[in-house]
Amino acid sequence: KNKALPVERASEIIPQIDISLKQRRLTKSELMILEMLRTNKWERPIYFAVTVGDDYYLGLNDHFELTGMAYQILPIRANGAGSGVNTAEMYENLMKKFRYGNISDPKVYLDENTLRMCRTHRMMFSQLIAALYNEGDSVKALNALNYCEKMIPGATVNHDYISTMLAEYYYKLGEVQKGDAIMNAVAKTSIEYLNWYGSLT
């Protein structure tokens, strides 16, 4: 019985998750994670924030499913493919539940840490869009692209290399002008960085 996994995915459940502990010492936080997995018995979902470093994942990446800004640990295996994307839940979270604090308003001050988190949100959008596109849902993929641009626009959060993934899917979905606008912004920022670097002694 698994309350953390939809009924339609019951056939994907594996009998056990193997965690290799060879050539490593476990920290208290890692021991805590193992204990939570052991005692929880999949009664409630357990998550890792996407901002947690890979070192803390205990090799569980093949059992991760992205749901927004967190990976849910599931008793299924991706067989080396890495984390999957729960497109239904992630779409609901990014498009309807998350609040973006008016970062699209140029009057709102965004400090360095906030800007870094904005780029992380943009990266999560790109993963959702790619997954939707690969599932053949071009309507939702385009909706997510447009919403990302609306909520996290280049005017307030400069486009960088992460944004090239957004441009790629605009091109794939036939929105060439929108793709060009992002790539031109990325090129402009890149040239500004190169000019600055070239001016240093």
Side-chain angles (χ1 to χ4, degrees), residues 1-103 110-132 134-135 144 147-148 151-152 157 160-163 165-166:
K1 194 172 183 180
N2 188 308
K3 296 178 183 176
L5 194 67
V7 175
E8 62 270 15
R9 300 192 63 187
S11 62
E12 299 177 58
I13 295 174
I14 57 175
Q16 68 182 36
I17 293 177
D18 297 317
I19 300 172
S20 175
L21 302 178
K22 291 180 181 178
Q23 299 177 336
R24 67 177 298 159
R25 290 174 291 165
L26 292 174
T27 63
K28 286 184 179 179
S29 61
E30 290 171 328
L31 288 169
M32 179 189 71
I33 292 163
L34 290 173
E35 182 65 8
M36 286 170 61
L37 288 170
R38 186 185 71 81
T39 58
N40 183 47
K41 302 184 189 306
W42 307 108
E43 290 291 318
R44 297 178 65 184
I46 297 176
Y47 297 87
F48 275 104
V50 296
T51 50
V52 172
D54 287 7
D55 293 345
Y56 293 94
Y57 291 163
L58 287 171
L60 291 166
N61 306 52
D62 274 357
H63 305 281
F64 282 177
E65 197 164 76
L66 191 59
T67 60
M69 292 297 289
Y71 293 113
Q72 182 179 356
I73 306 171
L74 295 174
I76 60 174
R77 185 184 291 123
N79 293 321
S83 61
V85 178
N86 183 329
T87 50
E89 191 172 342
M90 193 167 180
Y91 189 87
E92 180 74 14
N93 286 334
L94 290 181
M95 300 288 285
K96 298 176 183 175
K97 292 183 179 177
F98 286 11
R99 298 289 174 262
Y100 296 91
N102 293 324
I103 57 177
L110 303 174
D111 63 26
E112 186 179 339
N113 287 327
T114 304
L115 284 170
R116 193 162 39 247
M117 188 53 72
C118 291
R119 290 186 178 95
T120 301
H121 276 82
R122 199 178 261 162
M123 189 183 299
M124 295 305 104
F125 264 107
S126 69
Q127 291 195 43
L128 170 64
I129 292 157
L132 287 167
N134 291 333
E135 287 178 0
Y147 192 70
C148 179
M151 303 310 288
I152 315 170
V157 181
D160 58 14
Y161 68 95
I162 293 168
S163 301
M165 293 181 274
L166 300 176

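FYI, the numbering just counts along the sequence from 1. Values in this document were obtained by computation on a predicted structure and should not be read as measured data.
The structure places OH of Y91 at 10.0 Å from CD1 of I129, a figure rounded to the nearest 0.5 Å. L128 CG to T67 OG1: the interatomic distance, rounded to the nearest 0.5 Å, is 11.0 Å. Rounded to the nearest 0.5 angstrom, L60 CG and L58 CG are separated by 5.5 Å. Rounding to the nearest 0.5 angstrom, the gap separating the OG1 atom in T87 from the CG atom in L94 is 11.5 Å. The CD atom of E65 lies 10.5 Å from the CE atom of M90; values are rounded to the nearest 0.5 Å. Atom SG of residue C118 and atom CZ of residue R116 lie 11.0 Å apart, to the nearest 0.5 angstrom.
Under the salt bridge (Lys or Arg N to Asp or Glu O under 4.0 Å) criterion, R122 pairs with no residue at all, not counting sequence neighbours. Residues that satisfy the ring-ring contact (aromatic ring centres under 6.0 Å, His included) test with F48, not counting sequence neighbours, are Y57, F64. For K28, there are no side-chain contact (heavy atoms from CB on, under 4.5 Å) partners, not counting sequence neighbours. For N134, the side-chain contact (heavy atoms from CB on, under 4.5 Å) test picks out no residue, with sequence neighbours left out. Every residue meeting the side-chain contact (heavy atoms from CB on, under 4.5 Å) condition with M151, not counting sequence neighbours, appears here in chain and number order: Y100, Y147. In terms of the side chain to side chain donor-acceptor pair (under 3.5 Å) criterion, residue partners of D111 (sequence neighbours excluded) are, by chain and number, T114. Residues forming a side-chain contact (heavy atoms from CB on, under 4.5 Å) with A130 (at least two apart in sequence, or on another chain): Y169. Residues passing the salt bridge (Lys or Arg N to Asp or Glu O under 4.0 Å) test with E92, sequence neighbours excluded: K96.
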Identify all side-chain donor-acceptor contacts of residues 29-37 below 3.5 Å with residues at least two apart in sequence or on another chain.
from, atom 1, to, atom 2, distance (Å)
S29, OG, T27, OG1, 3.0
E30, OE1, R24, NH2, 3.4
E30, OE1, T27, N, 2.9
E30, OE1, T27, OG1, 3.4
E30, OE2, R24, NH2, 2.3
E35, OE1, R38, NE, 3.2
E35, OE2, R38, NH2, 2.8

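Using a 4.5 Å cut-off on side-chain heavy atoms (C-beta onward), F125 and M95 make contact. Side-chain contact between I73 and W42: present, with at least one pair of heavy atoms (C-beta onward) separated by less than 4.5 Å. Using a 4.5 Å heavy-atom threshold, the side chains of M117 and N113 count as separate.
Heavy atoms only, all atoms of each residue included: L166 and C148 are closest at CD1-SG, 4.0 Å. Listed here is the closest heavy atom pair of E89 and N86: N-OD1, 3.1 Å.
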